[in-house]
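This report refers to the structure that appears directly beneath it.
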Amino acid sequence: MITATGFLILAACGALARAHLGHRFNRAGFATGTLLVNGSGSFALGLLHGVAPPLMTMLGTGLLGAFTTFSSFSRDTTALVEQHQRVRAATYVITTCAIAIGGAWVGLTLST
């Protein structure tokens, strides 16, 4: 029961933090807030490597699962393509993937 309660509380915190950062930094045709949450969330998830399953459920799935967002990343990319900003869309996709995967790798490396 503690895991479920912790999961719910942390998921709410993650979703609220993501919404705040998205509203604050997604401006001028480039979703910097979404990039920031996906990169930092991937890094944090890498840091959690090897933690106990209940903690991973609460922090990894609850907090970071609600914090990071593939759906907003997809929506932001599609919006750029619809605005005929294909180079900016491609740059956003490549940058997001590089930062998220790189962040996860660095976090994983630091955790071992």
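No experiment lies behind these values; they were computed from the predicted model shown.
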Item to check | Leu80-Leu35 co-clustered via ILVMFWY side chain contacts under 4.5 Å | outcome: yes

Item to check | same_hphob_cluster(Leu45, Leu47) at 4.5 Å side-chain heavy-atom cutoff | outcome: no

Checklist entry - Just by modelled atom types, is the Gly33 backbone N or O under 3.5 Å from a matching donor or acceptor in the Asn26 side chain? => result yes

Checklist entry - Is there a path of hydrophobic side-chain contacts, each under 4.5 Å between heavy atoms of I, L, V, M, F, W or Y residues, that connects Leu55 with Leu64? => result yes

Checklist entry - Closest heavy-atom contact between Met58 and Thr3? => result CG-O, 3.5 Å

Checklist entry - In terms of hydrophobic clustering (I, L, V, M, F, W, Y; side-chain heavy atoms under 4.5 Å; direct or indirect links), are Ile99 and Val37 co-clustered? => result no

Next on the checklist: Less than 4.5 Å apart, side chain to side chain, heavy atoms only: is that true for Trp105 and Phe43?
Outcome noted: no

Item to check | Side chain to side chain, Cys13 and Phe67, heavy atoms closer than 4.5 Å | outcome: no

Next on the checklist: Leu63 vs Phe7, test: side-chain contact (heavy atoms from CB on, under 4.5 Å). Steps then yes/no.
Outcome noted: CA-CA 7 Å; Leu63 178 68; Phe7 176 90; over 6 Å; no

Checklist entry - Got Thr78 and Val81 here, is their nearest side-chain heavy-atom distance under 4.5 Å? => result no

Item to check | Shortest non-hydrogen separation from Gly46 to Ser111 and the atoms involved | outcome: O-OG, 3.4 Å

Checklist entry - Can you name the closest pair of heavy atoms from Ser42 and Thr68 and give their distance? => result N-CG2, 4.3 Å

Checklist outcome for this item: To the nearest 0.5 Å, atom OG1 of Thr61 lies from atom CE of Met56 at 7.5 Å

Checklist entry - If you measure only the distance, is there a donor-acceptor pair under 3.5 Å linking the side chains of Asn38 and Thr96? => result no

Item to check | Same cluster (ILVMFWY, side-chain, under 4.5 Å), Val51 and Leu10 | outcome: yes

Item to check | Any donor-acceptor N/O pair, Thr95 side chain to Tyr92 backbone, under 3.5 Å | outcome: no

